[in-house]
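Notes follow the structure.
Heavy-atom basis, side chains included; hydrogens, waters and symmetry copies ignored. The shown structure was predicted, so the numbers you read here are calculated from the model rather than taken from an experiment.
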Amino acid sequence: MLKVISKLQWLFWIGFIGVFLDNPYLTLFFLFGLCGFASVFSPARSDISNLIFLGQNLWMLAGILIAHIRHGFHLPDKNSYKPQVHYSLPFNGKWFVVNGGIDRESSHSWFLPSQRYAYDFFIKNSEDATFAGERKQLENYFCYAKDVLAPADGVVISAVSHFPNTPIVAEGEVDCAASDVRGNHIVIRHSKHECSVIAHLLPNSLCVQKGDRVSRGQVIAKCGNSGNTSEPHIHFQIQYGKSFEISAGLPILFTRIVVDGAKMPEGFITKGHYVENDSLI
């Protein structure tokens, strides 16, 4: 049921058409946005945690407008923004890009400015499976507990590791036990404006803390399943500022990687491809 309700929330965007057309009937579709909060309250969280989680979701909703205003209603894209840093992939070995890209069609979450250019990565075998054995057993996922690497040199400005893993429930559904959609996560400042966010990390696996200086390729944590996630994977994004909720996401220019077996000195990636680092600088 929650799966159906969560899909209905996307009818919310029809309300914007009603605004532009001055059609009061279409603007009523804004009410479908309330469906998004059906999944906000979870019995796995305390009342206080539920309120914190609700607050973060509301702040993310406000961030849609705030990010646009901060950038003069011209959000950064691959043509208008010149990356200050070139990034490596935050893992060792070959992973699959399950979500993410640099255009509307491939975007992780196009209508959420902070996650517009985010990526989700996991490991698949030759049979296109992400796990072997019992689906609900986290240890059976190929990427679970794998090392997570710093994508470039920088300073850790946030490191959270106390949230439990989110249990695997019905396929396509999530019962997030954390009060933060990112679950355990690390935020690294790489330049004046560019910060990376790596999320869904394994509880108590972080090797760094706030204030630490990290180097490209350094092991900083392990992949887990904490936060708003349906199975173990790495969520990775670069944003213009430190705030996950209101900072605009930035297209990520990768350096020295391999895409589907072909070396790429630098460039952007998109979902549906296997990627790995060629070498770490």
Side-chain angles (χ1 to χ4, degrees), residues 78 83 85-103 105-108 115 117-135 137-154 165 168 171 182-186 188 190 196-202 205-207 214-227 229-238 249-281:
K78 67 181 181 67
V85 179
H86 292 192
Y87 295 91
S88 299
L89 294 162
F91 44 74
N92 286 314
K94 184 185 296 183
W95 291 53
F96 184 75
V97 188
V98 64
N99 211 359
I102 55 173
D103 54 31
E105 290 70 29
S106 60
S107 173
H108 179 285
Q115 298 181 56
Y117 300 110
Y119 289 96
D120 291 330
F121 302 98
F122 55 40
I123 298 175
K124 297 172 69 173
N125 64 11
S126 59
E127 298 176 348
D128 283 338
T130 59
F131 64 93
E134 170 56 41
R135 187 180 68 84
Q137 193 71 29
L138 290 174
E139 291 78 7
N140 289 340
Y141 287 80
F142 305 130
C143 67
Y144 187 76
K146 295 294 186 183
D147 287 341
V148 174
L149 313 179
D153 298 349
N165 276 319
I168 303 293
E171 190 168 356
R182 296 168 292 181
N184 301 313
H185 62 275
I186 295 174
I188 305 172
H190 300 284
S196 65
V197 177
I198 306 177
H200 310 314
L201 303 174
L202 187 69
S205 72
L206 276 62
C207 309
V214 297
S215 301
R216 183 189 304 270
Q218 177 181 336
V219 176
I220 56 176
K222 293 186 181 297
C223 176
N225 197 54
S226 58
T229 167
S230 58
E231 69 173 83
H233 71 282
I234 291 176
H235 174 99
F236 174 55
Q237 67 183 61
I238 303 296
L250 300 172
I252 305 173
L253 185 61
F254 290 96
T255 182
R256 301 178 72 174
I257 62 173
V258 179
V259 179
D260 292 339
K263 291 188 177 184
M264 180 187 292
E266 68 173 40
F268 301 104
I269 62 175
T270 190
K271 64 181 180 181
H273 297 277
Y274 289 92
V275 295
E276 58 186 310
N277 285 310
D278 184 13
S279 62
L280 292 173
I281 301 172

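Partners of T130 by side-chain hydrogen bond (donor to acceptor under 3.5 Å, both in side chains), not counting sequence neighbours, listed by chain and number: E231. Among residues two or more places apart in sequence or in another chain, the salt bridge (Lys or Arg N to Asp or Glu O under 4.0 Å) test is passed with K124 by D128. Taking S205 as the reference, L202, A221, K222 meet the side-chain contact (heavy atoms from CB on, under 4.5 Å) condition, with sequence neighbours excluded.
Atoms CD1 and NE2, from I238 and H190 in turn, are 5.0 Å apart once rounded to the nearest 0.5 Å. The line from OG of S88 to CD of E276 is 13.0 Å long, rounded to the nearest 0.5 Å. In this structure, NZ in K94 is found 8.0 Å from CG in D260, a value given to the nearest 0.5 Å. We find the CZ-CG distance between F121 and N99 to be 10.0 Å, quoted to the nearest 0.5 Å. One finds the CD1 atom of I269 at 10.0 Å from the OG atom of S106 (value rounded to the nearest 0.5 Å). Atom NZ of K146 is separated from atom CD1 of I123 by 5.5 Å, given to the nearest 0.5 angstrom.
The main-chain N or O of F91 is found under 3.5 Å from a side-chain atom of N277 such that the two form a donor-acceptor pair. With hydrogens and angles disregarded, a donor-acceptor distance shorter than 3.5 Å links the side chain of D153 to the backbone of R216.
Taking the side chain as every heavy atom from C-beta outward, F268 and K78 approach each other to under 4.5 Å. V275 has its side chain within reach of L89: a pair of non-hydrogen atoms, C-beta onward, lies under 4.5 Å apart. Taking the side chain as every heavy atom from C-beta outward, L149 and V219 approach each other to under 4.5 Å.
When ring centroids are compared, H200 and H233 come within the 6.0 Å threshold. Side-chain rings of H235 and H108 approach one another, their centers coming within less than 6.0 Å. Less than 6.0 angstrom separates the ring centroid of Y274 from the ring centroid of F96.
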With side chain to side chain contact (heavy atoms under 4.5 Å, CB included) as the test, would you mind laying out the steps for F236 and I252 before giving the verdict? CA-CA 10 Å; F236 174 55; I252 305 173; 3.8 Å; yes
Kindly indicate, with the supporting measurements, whether the criterion side chain to side chain contact (heavy atoms under 4.5 Å, CB included) is fulfilled by Y119 and F254. CA-CA 12 Å; Y119 289 96; F254 290 96; 4.1 Å; yes
Passes side chain to side chain contact (heavy atoms under 4.5 Å, CB included), N165 versus L138? Steps please. CA-CA 9 Å; N165 276 319; L138 290 174; 3.6 Å; yes
Given Y117 and D103, is the side-chain hydrogen bond (donor to acceptor under 3.5 Å, both in side chains) satisfied, shown in steps? CA-CA 8 Å; Y117 300 110; D103 54 31; over 6 Å; no
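Of all heavy-atom pairs spanning G267 and M264, the tightest one is CA-SD, 3.6 Å. Of all the heavy atoms in I220 and I186, the pair that sits closest is O-CD1, 3.7 Å. Across all non-hydrogen atoms, the minimal contact from Y144 to P232 is CD1-CG, 4.0 Å. In plain terms, the two heavy atoms of A150 and S215 that are nearest each other are CB-O, 3.4 Å. Contact record, I188 with P151: CD1-CD, 4.2 Å, taken as the closest heavy-atom pair. For the residue pair P90 and I234, the shortest heavy atom distance occurs at O-CD1, 4.0 Å.
Of the candidates L201, N184, I168, I168 is the only one forming a side chain to side chain contact (heavy atoms under 4.5 Å, CB included) with N225. The side-chain hydrogen bond (donor to acceptor under 3.5 Å, both in side chains) with Q137 is formed by just one residue from the set E134, R135, E139; it is E139.
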